[in-house]
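Down below is the structure, laid out as structure tokens.
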Amino acid sequence: MIRTPNSMIGPVLAITAALMSFLVQVVHAQQQRPNVIFIYVDDLGYGDLGSYGATKIKTPHLDRLAEQGTRFTNGHSTSATCTPSRYALMTGRYPWRQEGTGILPGDAKLIVPTDEVTLPKVFKNAGYSTAIIGKWHLGLGDKVEKDWNAAVKPGPNEVGFDYSFIFPATADRVPTVFMENHHVVGLDTKDPIHVNYHKKIGTDPTGKENPELLKMPSSPNQGHDNTIVNGIGRIGYMTGGTQARWVDEELTTTFLSVAQEFIEQQHKNPFFLFFTMTEPHVPRMPATYFKGKSGLGYRGDAILQMDWTVGRLMQQLESLGIADNTIVIFSSDNGPVLDDGYVDGAVEQLNGHLPAGPLRGGKYSIFEGGTRVPFIVSGPGVAKGKVSGALLSQVDILASMSELLGQQKPSTALDSEPLLSTLLGHGDKGREVYVQQGGTLAVRKGNWKYIAPSGGAAYDPHTKTELGNSKSPQLYDLGADIGERNNLAQERPELLKELESLLEQERAK
Ligand code: NG6
Ligand code: CA
């Protein structure tokens, strides 16, 4: 035994006491650190929730979340499609600064740099456990030609998630499998998976050759007629992995169970959960329990399923006693679309529902319907029952979470603004300038919006979306004209010029 000389006892005790007090403080600070759950849904429109004005679809759980927290009426994804919006969330940069950030095929390689401080790494650096459960769609591996039967990396784990349980791309793209960390879940090695986005491989029937095998027809001229999985034609071809293929009706209950398990395991230590749901993206094939429930076709049913799932998560937080210490952020990666590739009743049974509410356009569009989405924040420190009109973007979450966690904003997060107090519903100071991305770019300054001219189509006849592209410049006063009907470009030439050069400045940054 090592003996402490008598003369040393005083100083040793003092040091021990100081150390104890420091440790108590650390533990206390850790206890204070709120968990963060970011629920990120796919293609949900500004008008799709009760709290945002929907009357034909009931979303009681999300409405309660909004009542208990702050609901933003001017909250945006960066882009009108998925991959770029997610890229911005992870990096804190506008996706249009980087080539190759458009909608990715299911075999794409990882596009998020692994040597940057990403959103999950901000949490990791602050001592949190991090997980992504749900849709990924930012590519996997370092090349397109990859072996899906071995460890597939880099991917979400290398981007900063300690744990990942994902599907690689979208619900309508092969491979239709779950991946846990680097591996396909439930893969039988005797039945290896191969994926090809250029030509048919193997003998699996395709939607094109065997439409009689489909339980939900693909829309004419919208693809989705490659390999059939679970009676649904997909984008891309796959063969093998028969046992590992998901059943669409079980997608969300699977993600929910995995999320609940993660929360259960981690609830005593701070965690960040990025829960990325597939609803209401196509193919909409909700669990039997929800089929027909909304009366609005499978799109409406999928929204009910999404709301129910959020309700289950909230209930779990309550029962674990961590609801008061968990910030929940809810938003969507882009605006709504009805016919995005399948005949599923979304158009025929719309019943007067307005997926984008009062906004013009939707998914794919540079009009507000493309990026202005539901955006709700609730939890400890968040103003209750507040509705905020602050201009806020998902690209700001990275810098705002850095603020929350006492971390420096990463130098690479160029476009991310620290707006924590606004995000928590205190004060209405939002972004002064914001660049939105559809087929072209638009810049916002206050209520003014300038849409840069572009040669793209004004209207997409397949999805029946007003894309907002025009060869002439457009200028709208969203304060007076939220529906972007009254182009003031000719009437306000000076303002037009100012916003044109503002967009140029932003591009050049
Ligand atoms: C489009 C698909 C659409 C959807 C979208 C991605 C066609 C004709 N349309 O290319 O169905 O999958 O990509 O959606 O293939 S997103 O929300 O992930 O961006
Ligand atoms: Ca999407």
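Computed from heavy atoms alone, side chains included, the values below leave out hydrogens, waters and symmetry copies. Just so it is clear, the model here is predicted, and its values are computed rather than measured. Order of listing sets the numbers, starting from 1, for every ligand and every atom in it.
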Next item on the list: Assess the pair Y128 and F271: is the distance between their ring centroids shorter than 6.0 Å?
Entry: no
Margin query: Considering non-hydrogen atoms of the protein only, which is the closest contact for atom 8 (C) of ligand 1, and what is the distance?
Written below: Q222 O, 3.4 Å
Check: Does ligand 1 have a heavy atom under 4.0 Å from the side chain of H462, from its backbone, from both, or from neither?
Finding: neither
Check: Going by atom types only, do Q349 and N351 share a side-chain donor-acceptor pair under 3.5 Å?
Finding: no
Next item on the list: Measure from the Ca ion (ligand 2) to every N/O/S atom of D42 and report the name of the nearest one.
Entry: OD1
Notebook entry, point to check: How close does the nearest protein non-hydrogen atom get to atom 13 (O) of ligand 1, and which residue and atom is it?
Noted result: R173 NH2, 3.1 Å
Next item on the list: Just need the protein heavy atom nearest to atom 11 (O) of ligand 1, so name the residue and atom and give the distance.
Entry: D340 O, 2.7 Å
Check: Given the side-chain rings of Y40 and F274, with only the six-membered ring counted for Trp, is the space between their centroids under 6.0 Å?
Finding: yes
Check: So which protein heavy atom does atom 16 (S) of ligand 1 come closest to, and at what separation?
Finding: C82 CB, 3.2 Å
Notebook entry, point to check: So, N334 versus S77: side-chain donor-acceptor pair below 3.5 Å or not?
Noted result: no
Notebook entry, point to check: Does G341 come within less than 4.0 angstrom of ligand 1, counting non-hydrogen atoms of the residue?
Noted result: no
Check: Does T83, backbone or side chain, put an N or O under 3.5 Å from an N or O of ligand 1?
Finding: no
Check: Looking at Y289, does the NZ or CZ of K293 lie under 6.0 angstrom from its six-membered ring centre and within 45 degrees of the ring axis?
Finding: yes
Checklist line | Protein heavy-atom partner closest to atom 5 (C) of ligand 1 - residue, atom, separation in Å | finding: Y364 OH, 3.4 Å
Margin query: Please list the nearest protein heavy atom to atom 15 (O) of ligand 1 with its residue and the distance rounded to 0.1 Å.
Written below: I235 CD1, 3.5 Å
Check: Got a salt bridge between R284 and D344, using NZ or NE/NH1/NH2 to carboxylate O under 4.0 Å?
Finding: yes
Checklist line | N334 near the Ca ion (ligand 2): N/O/S under 3.0 Å | finding: yes
Next item on the list: State yes or no: are the ring centers of W308 and F290 separated by less than 6.0 Å?
Entry: yes
Margin query: Consider ring pair (Phe, Tyr, Trp, His ring centres under 6.0 Å). Of Y46, F330, F375, which one does F72 pass it with?
Written below: F375
Next item on the list: Return the name of the atom in D43, of element N, O or S, nearest to the Ca ion (ligand 2).
Entry: OD1
Notebook entry, point to check: Can you find a non-hydrogen atom of Y342 under 4.0 Å from ligand 1?
Noted result: no
Item checked: Protein heavy atom at shortest distance from atom 9 (N) of ligand 1 -> H224 CE1, 3.8 Å
Notebook entry, point to check: Given R234, R86, K363, which one has a non-hydrogen atom that is nearest to atom 14 (O) of ligand 1?
Noted result: K363
